[in-house]
There are 2 protein chains.
Amino acid sequence: MDSRGPDWDLYRSLLAVIETGSLSGAARRLGLAQPTVGRHIEALEASLGGLSLFTRSPGGLNPTEAALALKPHAEAMSAAAAALVRTAAGGADPERGVIRISASEIVGSEVLPAILAEFHREHPGVALELSPSNAVEDLLRRDVDIAVRMTPPTQAALTAKRIGSVRLQFYAHRSYLQARGEPRDLEDLAANHSLIGYDRVIPSIRTLDEIMGRTGLTIHRELFAYRTDSDLAQLAALRAGVGICACQPVIAARDPNLVPILNGQFQFELEMWVAMHEDLKASRRMRLMFDHLVAGLAEYVKESAR
Amino acid sequence: MDSRGPDWDLYRSLLAVIETGSLSGAARRLGLAQPTVGRHIEALEASLGGLSLFTRSPGGLNPTEAALALKPHAEAMSAAAAALVRTAAGGADPERGVIRISASEIVGSEVLPAILAEFHREHPGVALELSPSNAVEDLLRRDVDIAVRMTPPTQAALTAKRIGSVRLQFYAHRSYLQARGEPRDLEDLAANHSLIGYDRVIPSIRTLDEIMGRTGLTIHRELFAYRTDSDLAQLAALRAGVGICACQPVIAARDPNLVPILNGQFQFELEMWVAMHEDLKASRRMRLMFDHLVAGLAEYVKESAR
DNA sequence: GCGCCGCTATACATATCCGCATGGATAGCC
DNA sequence: GGCTATCCATGCGGATATGTATAGCGGCGC
């Protein structure tokens, strides 16, 4: 029932060596001595049936194909270990510990801060970590505890709650409209105006593409005059008057110089979800944050629907 | 960048103690001495900020709420470690090592053996493990390397390939038909015949339920005269003439005494998928098996479509 | 009530692993 | 060309963790 493999510590050293590229670097990161890490790798190679994991060179250790195949698994262990420590921090006390949250750049910087600030006032002992990213696998790999997503998380083993729909519509800065005029319709928009959009389209934005596709616009890089994959950079460009960009009404309303284009037609709807790994339901602190996010975002969505 | 937590070995001991319920049991499983495991737990509790993980008793150690919250994370580490060892087995040599495959009971025992036998003839050095189960989370948790599924795996971080549709229709054994006659239609079937079906409905069977729901049949336990959650037991019952049961044509055709009911009407279609964690694409052996399964199952589906 | 069997906790000898110090090798730079 | 800054490999003393042995405690069956 066991036939247990190598010590798990060896995997940690393996990962560190692959990532740092040298025994010395791994030793520094792990707080160990270089010979120790070297012996770990040696022991791991022996444990794994004489498998050769690195080609030693004076400049460092070069991972073999076999070692690279093992790396993702070691990363999974590392993520799980980190999640375990986060869960353990503060113990069963919901007023202490760490929570790590992932959200899109926009939500992470424009929507969450207010909501998280409120949570932090109520629970000052809980440390918060925010990871702005669009990667979906975060939750499965346990890189984060809770995620706010704009796509329905169809994953098993996930506790997910739908918040509602967030509108998205075209906005432009007054200064831009003064210089370029206001587009009459979609055709005019596409032909004679400067759109702000994506550079290399990110997978998780696909829903947006579909929606825009339905409106008759074909999405391709050349459609956009100002291209960046960062949502935040797009928002900044919109605020600077570079061009026209899709934006959430509540966020746009914060700048009185941003005005809706095309009479607010061509609204897109994005679903907003909060998701958490089921395993974390065992932690009172995580449940607290989950519920707080659901409530806070529901408020935001309600405001957005007005 | 690091602030590394406790030694990963401690997590392994933690998991073993939770699962066995005692230091001694964990020590036996891990091949360590009981005091060693005790010290591990002690060290872990200290590392985690004086967190209390167990209530010691003469009969064993009782995990606290905090320890139970950590368990899933430790399990994730364990699964990842096991997957790493499987990947490492045989090294980069695609002709050696281990592959662990998950499939439904039916597919695992009626369809895969022939396909896997062929693979095994070509690659006799590769050890194969088959885990018949309907749990979907296997791949994410890395409990298995490759899965054959009858539901579309909508998960990110998964390499999935759709094989095609597998028909499912009602069959009965000749002896049953002699005794009970042949049902004229669905109503007759539901009212006057013995159906073989599920006991406590398993989540992953839901697709089947939906399909059957479309046909007008309401699915509830009482509909079935012979109830078991094991697909294999259902098939065995069908072969023994217990009653009428949905079955794949290719499988039914192997027993000349099984005949289609209702003129082959009311066919259901199930999609067949092969899925693998993206991380495993780095392993040549896994890719080989993935491709072999795709080819072999495509052949099976083609045969089934005739 | 007695003995047996499971468990944990403690004490002590030992084997193991770790860190330190050193040597050798390569690459970049003045 | 020599200097320096990396890196890895090796040898050795010491700290650390492990295993063995034992004591103590509680439950269960006869």
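To find a chain, count down the sequence lines: A is the first, B the second, and so on, and within it residues start at 1.
- Counting only N and O atoms by type, the side chains of A:S102 and A:R149 include a donor and acceptor under 3.5 Å apart.
- For the pair B:I101 and B:V144, the minimum side-chain heavy-atom distance is 4.5 Å or more.
- The CD-C1' distance, from A:E42 to D:dC8, rounds to 12 Å in whole Å.
- Within 6.0 Å of atom CZ in B:R287, more than 12 heavy atoms from other residues, nucleotides or ligands are found, so the atom counts as buried in its surroundings.
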Collect all protein-nucleotide pairs involving nucleotides 13-20 of chain D in which both atoms are nitrogen or oxygen and the distance is under 3.5 Å.
from, atom 1, to, atom 2, distance (Å)
D:dT18, OP1, B:H40, NE2, 2.8
D:dG19, OP2, B:A33, N, 3.0
D:dG19, OP2, B:T36, OG1, 2.6
D:dG19, N7, B:R39, NH2, 3.2

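- The side-chain heavy atoms of B:F119 and B:L293, taken from C-beta on, include no pair separated by under 4.5 Å.
- Chain B approaches DNA chain C within less than 4.0 angstrom (heavy atoms of the protein), and the contacting nucleotides run 5' to 3' from C:dC7 to C:dT10.
- Classification of B:R100 and B:D143 as a salt-bridged pair fails, no side-chain N sitting under 4.0 Å from a carboxylate O.
- B:R285 places a side-chain N or O within 3.5 Å of a backbone atom of B:D93 that can act as its donor or acceptor partner.
- A salt bridge is absent between A:R86 and A:E129: the closest approach of a Lys/Arg side-chain nitrogen to an acidic carboxylate oxygen does not fall below 4.0 angstrom.
- Among the heavy atoms of the strands lying under 4.0 Å from A:S24 are primed sugar atoms or P, OP1, OP2 only; no base atom is included.
- At the phosphate of D:dC7, neither OP1 nor OP2 sits under 4.0 Å from any side-chain N or O atom of A:R56.
- Classification of A:R12 and B:D7 as a salt-bridged pair holds, one side-chain N sitting under 4.0 Å from a carboxylate O.
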